[in-house]
Amino acid sequence: MDMAAPARRNSDLGTALEEAREAYAAIRPLSAALHARSSEVMPGGNTRSVLTYSPFPTAMARGEDCRLWDLDGHSYLDLCGEYTAGLFGHSERRIHAALHAALEGGINLAAVGQGEERLARLLCTRFPSLERLRFTNSGTEANLMALTAARGFTGRGTTMVMRGGYHGGVLTFPVSGSNLATLPLPFVTTAYNDSEEATRLAGRYAEDLAAIIVEPMLGSGGCIPARPDFLATLRMLADKTGAVLIFDEVMTSRTSAGGVQARLGITPDMTTLGKYIGGGMSFGAFGGRADIMAQFDTTMPHAGTFNNNVMTMAAGGVAMGEIFTAEAAEALFQRGETLRARLNAVARDAEVPLGFTGVGSMMTVHFRQPLPESPYATTPLEEGLRELFFFDMMKAGIYLARRGMVALSLPVGEAEMDRFVAAVGEFAESRAELLRAHTV
Ligand SMILES: Cc1ncc(COP(=O)(O)O)c(C=O)c1O
């Protein structure tokens, strides 16, 4: 599935997209048929919004290491990395062994076990803010529980969130406007990386401010890193007002042994985790200062049938105890930094307005220069270029998030990164005129 030789295409974006969609659909009849059948029983033929795109999403049949095969038999280099949850690839044998062993011991035991103590201890040892933690089934739940903990601890109601922030489907804060699915809690929004606005807002709501919640890198908001001085300002504002500072490290925890908090030396009061930490099983965790978490000893209920399910606890223990060591985290971070620099150099050389922002092994493509330092509403032209980029990468046999996000998994090696750099170079070359014509 190599791309055709570079050819400068003069057609306008609409035509290019139409051609790309047709070529995409033509070689995926089985994915198309599954989508049609699925639509009879699931709205949109889907049960996870992020996987919905037109004309229909590619259905995968199986995966191995960092490779995927779709229903129609095409193979891909997997750079989506399950939106950061797939850190270990698809066939890490130690995780498989841990899961098989857990199965041997029986599932759904309805009791406490050794697995959760092991994983909790591993995480409390690694993340500076985690004195105590509890498990959930997802990052969304972890954030909901962290907000509950902050409200209970402070006896206050208001939470400061970032425009462009994402803490789960029911905790989504668009750059402008609102999201129907977001829970109707008393949120006040501020601009990301804007210390002045955050300071003004904290002053205005000081007496009722229960929590400030922030992603140290906006993940779904475009892999835009927080400036260290912004996070330091939030730390100071929380101290001043008595609010609980929560770092949502669901994505960024992979950037070092102890996440961004360890990398920058800024310790929040609470941290939420998710994604890869359960070794690829459903996972979430929230935790922090012992005095805040002590509520869960007594007054604050925290339920969840699958909170300590043996599969997640077993896989997570091996994942964090044996595979994703501090050294492995640092090496992955550095590999991602190098890859992003190479991609941006390719775009610079081609003199096109394309570039990647991110932290370590997570990055997202943007079609504007200079690269953004805060989230933005994409223009329809940028949306078109993003879609074209996705289809061109699919044509090159590279699977990434439809929104142009890449999350490296551990099995991704030098050869795979070379291949991606070459594909992006080819995109920059073959689509140069379209890219330049649509500079934002
Ligand atoms: C920063 C952040 N927080 C929370 C979540 C929600 O996690 P989950 O999908 O496990 O509910 C996500 C998921 O993408 C995320 O990126």
Side-chain angles (χ1 to χ4, degrees), residues 46-52 80-87 123 127 129 133-150 159 161-175 179 181-183 185 187 192-193 211-226 231 234 245-255 259-261 268 270-288 304 306-307 309 311-312 315-316 319 357-364 375 400-409:
N46 198 294
T47 192
R48 189 176 168 197
S49 298
V50 77
L51 302 181
T52 309
C80 181
E82 185 52 296
Y83 296 81
T84 73
L87 181 71
L123 297 174
F127 289 82
S129 66
L133 71 79
R134 276 182 167 234
F135 295 114
T136 61
N137 295 285
S138 68
T140 306
E141 264 183 84
N143 283 314
L144 290 170
M145 290 310 302
L147 293 180
T148 302
T159 295
V161 295
M162 309 295 137
R163 290 190 287 278
Y166 180 80
H167 305 287
V170 294
L171 294 169
T172 303
F173 303 95
V175 180
N179 182 305
T182 294
L183 292 175
L185 291 168
F187 293 116
Y192 196 68
N193 275 340
I212 302 173
I213 185 165
V214 64
E215 294 163 85
M217 173 199 78
L218 289 181
S220 83
C223 285
I224 296 171
L231 295 179
L234 296 182
L245 179 63
I246 306 169
F247 278 6
D248 176 345
E249 295 231 44
V250 165
M251 276 199 180
T252 58
S253 61
R254 59 159 58 195
T255 57
V260 167
Q261 56 195 268
M270 295 193 75
T271 298
T272 54
L273 301 171
K275 303 286 190 190
Y276 69 93
I277 289 179
M281 305 297 106
S282 302
F283 177 81
F286 65 100
F306 294 109
N307 285 354
N309 75 85
M311 304 298 276
T312 299
T357 61
V359 178
S361 58
M362 302 167 289
M363 59 202 81
T364 293
L400 37 67
R402 166 64 182 75
R403 63 174 182 248
M405 181 181 171
V406 165
L408 297 182
S409 60

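Atoms within a ligand are numbered from 1 in the order they appear, just like the ligands themselves. Just so you know, these numbers come straight off a predicted model, no measurement behind them.
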**Study point:** Heavy atom of the protein closest to atom 12 (C) of ligand 1 (residue, atom name, distance)
**Key:** Tyr166 CE2, 3.6 Å
**Study point:** Between Arg254 and Thr84, a side-chain donor and acceptor under 3.5 Å
**Key:** no
Review point. Which of these, Met251, Met405, Lys275, has its nearest heavy atom closest to atom 14 (O) of ligand 1?
Key: Lys275
Review point. Considering only protein heavy atoms, which is closest to atom 11 (O) of ligand 1, and at what distance to one decimal place?
Key: Thr140 OG1, 2.4 Å
Revision key, fill the gap. Note: heavy atom closest to atom 7 (O) of ligand 1, options Gly139, Ser138, Gly221, Ala85, belongs to Gly139
Review point. Going by heavy atoms in the side chains, are Leu171 and Leu147 under 4.5 Å from each other?
Key: yes
**Study point:** Numbered atoms of ligand 1 (with element) below 4.0 Å of Glu215, judged on heavy atoms
**Key:** 1 (C)
Check your understanding: Just going by heavy-atom distances, which of Thr252, Val214, Thr84, Asp248 is nearest to atom 3 (N) of ligand 1?
Key -> Asp248
Review point. Are any of the side-chain heavy atoms of Met162 and Ile212 separated by less than 4.5 Å?
Key: yes
Point to revise | Check: Tyr83/Ser220 side-chain N/O donor and acceptor closer than 3.5 Å | key: no
Check your understanding: So, does Glu249 use its side chain to make a donor-acceptor pair with the main chain of Val260 at under 3.5 Å?
Key -> yes
Practice item. Kindly say whether Thr252 contributes a backbone atom to a donor-acceptor pair with the side chain of Thr255 at under 3.5 angstrom? Key: yes
Practice item. Mark up the atoms of ligand 1 that fall under 4.0 Å of a heavy atom belonging to Asn143, in ascending order. Key: 3 (N), 4 (C)
